[in-house]
Amino acid sequence: MPGSTNDINVLQRSPLFADVNCGRTPPVQFEINSRKYTTGYYLADGIYPPLSTLVQTIPAPVGQKRKHFAKQQEAARKDVERAFGVLMARFAILKNPARLWHKDDLAIIIRACIILHNMVIEYQRDASIEVDRDTWNNDETLNMGTYRDNVNFTAFLEHYEDVHNAAVHLQLQEDLIEHVWIVKGEEDD
């Protein structure tokens, strides 16, 4: 139906993925199976396109490695869904429909709820954490405003192509399947 919202539309409208497409995400570096990756990834179900920043579940896994990976990936996704359920239970604003909210306001609301939730948890643990405010204010990865102003169209296109690289998507998934299988073997020992 025209104008309806589905997973693909949500992905295209998401401020999170707008930041991913523009390269406005915190720097990430990790290595799996001797391959270096410089972009974080998100767990997703099969409806999403094969982006280099998404790791999808395997709908009909064949072989022990793939079955184990699918089981672990689904468990992790359920943990994230449960965590959001906890936020919804604690903050009534997240329970209501959000169609009338502006996307920037929604991003602020969800971040505020996560921060408040973490503050409550820290308070309940009676933990005190000192934050080095000079480092916080001078960190380029956190000061996205200046970065946004400097992004040019060519850099956007290059990063957009990197994000939409299906070969990197498939390689990352294969590397993660191998890595999760190796970790399983070490846990069984």
Side-chain angles (χ1 to χ4, degrees), residues 6-87 107 110-111 114 117-118 121 129 135-136 139-144 147-148 150-189:
N6 58 36
D7 290 346
I8 302 300
N9 295 7
V10 169
L11 183 65
Q12 291 171 349
R13 295 178 185 175
S14 165
L16 172 70
F17 275 91
D19 287 347
V20 168
N21 284 330
C22 293
R24 293 188 303 248
T25 56
V28 175
Q29 291 183 359
F30 61 96
E31 187 173 314
I32 301 177
N33 293 343
S34 301
R35 282 186 188 74
K36 293 183 181 186
Y37 293 92
T38 57
T39 306
Y41 61 89
Y42 302 91
L43 302 178
D45 56 20
I47 189 75
Y48 292 102
L51 303 178
S52 66
T53 55
L54 296 178
V55 176
Q56 300 165 322
T57 190
I58 303 170
V62 176
Q64 291 301 315
K65 288 181 185 180
R66 291 180 179 282
K67 286 179 183 177
H68 179 69
F69 175 79
K71 181 180 173 184
Q72 295 296 328
Q73 200 258 10
E74 287 297 320
R77 282 187 57 235
K78 286 181 184 176
D79 288 345
V80 171
E81 289 173 7
R82 271 190 231 110
F84 192 71
V86 168
L87 288 176
I110 192 68
R111 285 184 184 116
I114 291 169
H117 173 75
N118 289 340
I121 297 299
I129 299 173
T135 303
W136 179 268
D139 189 347
E140 280 300 315
T141 62
L142 297 174
N143 190 356
M144 295 299 186
Y147 184 73
R148 280 191 183 118
N150 296 330
V151 173
N152 61 33
F153 190 65
T154 305
F156 167 79
L157 288 178
E158 289 172 3
H159 196 74
Y160 186 86
E161 287 176 12
D162 290 344
V163 169
H164 287 78
N165 188 334
V168 172
H169 165 79
L170 293 172
Q171 187 62 60
L172 174 61
Q173 187 174 41
E174 288 301 319
D175 286 340
L176 287 170
I177 290 169
E178 282 299 317
H179 176 74
V180 169
W181 184 253
I182 289 168
V183 169
K184 176 193 182 296
E186 290 172 359
E187 289 174 353
D188 291 343
D189 292 340

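For the single chain, residues carry numbers from 1 onward in sequence order.
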_Test side chain to side chain contact (heavy atoms under 4.5 Å, CB included) on Ile177 and Gln173; report intermediate values, then the result._
CA-CA 6 Å; Ile177 290 169; Gln173 187 174 41; 4.1 Å; yes
Worksheet item: Would Asp175 and Gln171 count as a side chain to side chain contact (heavy atoms under 4.5 Å, CB included) if you check the C-alpha gap in whole Å, the side-chain angles of each, and the deciding distance to 0.1 Å?
Response: CA-CA 6 Å; Asp175 286 340; Gln171 187 62 60; 3.1 Å; yes
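Across Gly40 and Val28, no two heavy atoms sit closer than the pair N-CB, 3.8 Å.
Between Tyr37 and Phe30, the angle of the ring planes stays under 30°, which puts this pair in the parallel group of the 30/60° scheme.
At a threshold of 4.5 Å between non-hydrogen side-chain atoms, the residues Tyr41 and Val168 do not count as touching. Here the side chains of Arg82 and Val86 are not in contact, with every heavy-atom distance at 4.5 Å or above. Between Lys65 and Glu178, the closest side-chain pair of non-hydrogen atoms falls below 4.5 Å. Residues Leu176 and Val55 have side chains in contact (heavy-atom distance under 4.5 Å, counting atoms from C-beta outward).
Between the OG1 atom of Thr57 and the CD atom of Glu74 there is a distance of 4.0 Å, given to the nearest 0.5 Å. Note that NZ of Lys184 and CZ of Phe69 are 15.0 Å apart. Values are rounded to the nearest 0.5 Å. Going from atom NE2 of His164 over to atom OG1 of Thr53 covers 8.0 Å, rounded to the nearest 0.5 Å. One distance of note links CG of Leu51 with OG1 of Thr39; it measures 11.5 Å at 0.5 Å rounding. Atom-to-atom distance recorded for Arg66:CZ and Ile58:CD1 is 5.0 Å, nearest 0.5 angstrom.
Side-chain N or O atoms of Gln56 include one that pairs as donor or acceptor with a backbone N or O of Tyr48 at under 3.5 Å. Checking side-chain atoms of His169 against main-chain N and O of Leu54 turns up a donor-acceptor pair under 3.5 Å. Not a single donor-acceptor pair under 3.5 Å links the side chain of His68 to the backbone N or O of Gln64. A side-chain donor-acceptor contact under 3.5 Å links Gln73 to the backbone of Ala44. Using modelled atom types, one side-chain atom of Ser52 and one backbone atom of Asp162 make a donor-acceptor pair closer than 3.5 Å.
For Glu31, the CD atom counts as densely surrounded, since its 6.0 Å shell holds more than 12 non-hydrogen atoms of other residues, nucleotides or ligands.
Legend: residues meeting side chain to side chain contact (heavy atoms under 4.5 Å, CB included) with Glu158, ordered by chain and number and at least two apart, are Thr154.
The residues Glu81 and Lys78 are annotated as not salt-bridged, no charged nitrogen and carboxylate oxygen being separated by less than 4.0 angstrom.
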